Amino acid sequence: MTLRLLGTTSDDGDCPTLYEIADTDEILVQGDRETDPSHLAQLRDVKPSETFVRVPRDLLIRFSPNSKAAELQPFASISHLFRDFKHTAWRLETRRGYASDRASEKYREFLATGTVPDDSHRPWCENVRNQTAQGKRFERVRLVDDPPTEGQRYLLAGAPSNVAAGEDIRNLTRAEAEQLRLPNYDFWLFDSRTLARFAFDDEDTTLGVYVTEDPAEVLAACQARDAAWHHAMRTEEFARQVRSTM
């Protein structure tokens, strides 16, 4: 089963950390093993399979979920949020490609020509223009491998249409993201309050989203956003660097 990083209070990647075990109501705790004999002697009803770890109280306060695990729902169920948000809609993209991109005519044209035609007339871009005209912000950070995958190069080539519509799209290398301990899952974060976390199958097809306002999960997403946004590079500059190395 897939583990999803909830949060950590470690600065150097040396634990402690909380994870959610996908599709369960269980949390996995990573920390230093308890070895004090006097403490172990006081534990009750210990099974041979059990072990015990120490973690800071702050880790549990900040990142332990406070509500029942969200249920998977269709992506269409959050379509209204892209119109109704008040201030910011922020996206983290972590995958090496997306099935929805590969199924498009634009993708086939990209494979043939290396370019993506302008499509800033499509409904997504029209909504971005409408929302940003009201002072709202559409922002996203895309992780990129070294060298970029085919799917990532497609997104770089097609980003100008989204940027022209009003999105602020930035890019971050996967190596930097791992150093920052960013999540390994995609999400939208609306107004630093509502989190929509994507679920994908092994073929990069979107299965749906888990929507929550759980304070611990939203806090973790906000911290990931702040770290990613600080280190990410604007898409036009990043694309120039990629072209110069190919």
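What you are looking at is a predicted structure, and each value in this text was computed from that prediction instead of being measured. Below, all heavy atoms of this structure are taken into account, side chains as well, without hydrogens, waters or symmetry copies.
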Donor-acceptor pair between Thr212 and Arg197 side chains, under 3.5 angstrom: no

Residues Glu34 and His39: side-chain donor-acceptor under 3.5 angstrom: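 Yes - a donor-acceptor pair under 3.5 Å links their side chains.
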
Around atom [atom1] of [X], are there more than 12 heavy atoms from other residues, nucleotides or ligands closer than 6.0 Å?
| X | atom1 | answer |
| --- | --- | --- |
| Glu71 | CD | no |
| Glu105 | CD | yes |
| His230 | NE2 | no |

Kindly indicate whether the side chain of [X], heavy atoms from C-beta on, has any atom under 4.5 Å from the side chain of [Y].
| X | Y | answer |
| --- | --- | --- |
| Phe52 | Leu43 | yes |
| Phe238 | Thr173 | yes |
| Trp124 | Phe138 | yes |
| Asn162 | Arg122 | yes |
| Leu18 | Ser64 | yes |
| Ser192 | His87 | no |
| Arg102 | Asp204 | yes |
| Phe85 | Gln131 | yes |

Membership question, hydrophobic clusters at under 4.5 Å side-chain separation (ILVMFWY): are [Y] and [X] in the same one?
| X | Y | result |
| --- | --- | --- |
| Leu182 | Leu195 | yes |
| Phe198 | Tyr98 | yes |
| Ile27 | Tyr19 | no |
| Leu143 | Leu156 | no |
| Tyr107 | Phe200 | yes |

Just verifying a value: how many Å separate [X] [atom1] and [Y] [atom2], rounded to the nearest 0.5 Å?
| X | Y | atom1 | atom2 | value |
| --- | --- | --- | --- | --- |
| Cys222 | Leu189 | SG | CG | 5.0 Å |
| Arg142 | Met233 | CZ | CE | 15.5 Å |
| Arg170 | Glu237 | CZ | CD | 10.5 Å |
| Glu126 | His121 | CD | NE2 | 11.0 Å |
| Leu111 | Glu150 | CG | CD | 4.5 Å |
| Arg91 | Asp186 | CZ | CG | 4.5 Å |

Smallest separation among heavy atoms of [X] and [Y], with atom names:
| X | Y | answer |
| --- | --- | --- |
| Pro117 | Lys106 | CG-CG, 4.3 Å |
| Glu20 | Glu217 | OE2-OE2, 4.5 Å |
| Thr205 | Ala99 | OG1-CB, 3.4 Å |
| Cys125 | Asp119 | SG-O, 4.2 Å |
| Ala196 | Val209 | CB-CB, 4.5 Å |
| Ala159 | Thr235 | CB-OG1, 3.8 Å |

Verdict with reasoning, Asn184 to Thr94, per side-chain contact (heavy atoms from CB on, under 4.5 Å): CA-CA 6 Å; Asn184 60 353; Thr94 68; 5.6 Å; no

Within the side chain of [X], is there an N or O that forms a donor-acceptor pair under 3.5 Å with the backbone of [Y]?
| X | Y | value |
| --- | --- | --- |
| Asn171 | Val144 | no |
| Asp214 | Ala216 | yes |
| Arg95 | Gly151 | no |

Lys/Arg cation over aromatic Trp90: Arg137, 6.0 Å, 45° cone: no

Salt-bridge present (Arg174, Asp145; N to O < 4.0 Å): yes

Residue pair Ser104, Tyr154: steps toward the side-chain contact (heavy atoms from CB on, under 4.5 Å) verdict: CA-CA 11 Å; Ser104 69; Tyr154 167 78; 3.6 Å; yes

Steps toward side-chain contact (heavy atoms from CB on, under 4.5 Å) verdict (Arg83, Asn127): CA-CA 7 Å; Arg83 300 184 302 273; Asn127 182 60; 3.6 Å; yes

CA sep, side-chain torsions, deciding dist, call: Trp229, Asp226, side-chain contact (heavy atoms from CB on, under 4.5 Å): CA-CA 5 Å; Trp229 199 246; Asp226 292 348; 5.9 Å; no

Plane angle bin for Phe187 and Tyr185 - parallel if under 30°, tilted between 30 and 60°, otherwise perpendicular: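 Rings of Tyr185 and Phe187: tilted, as their planes differ by 30° to 60°.
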
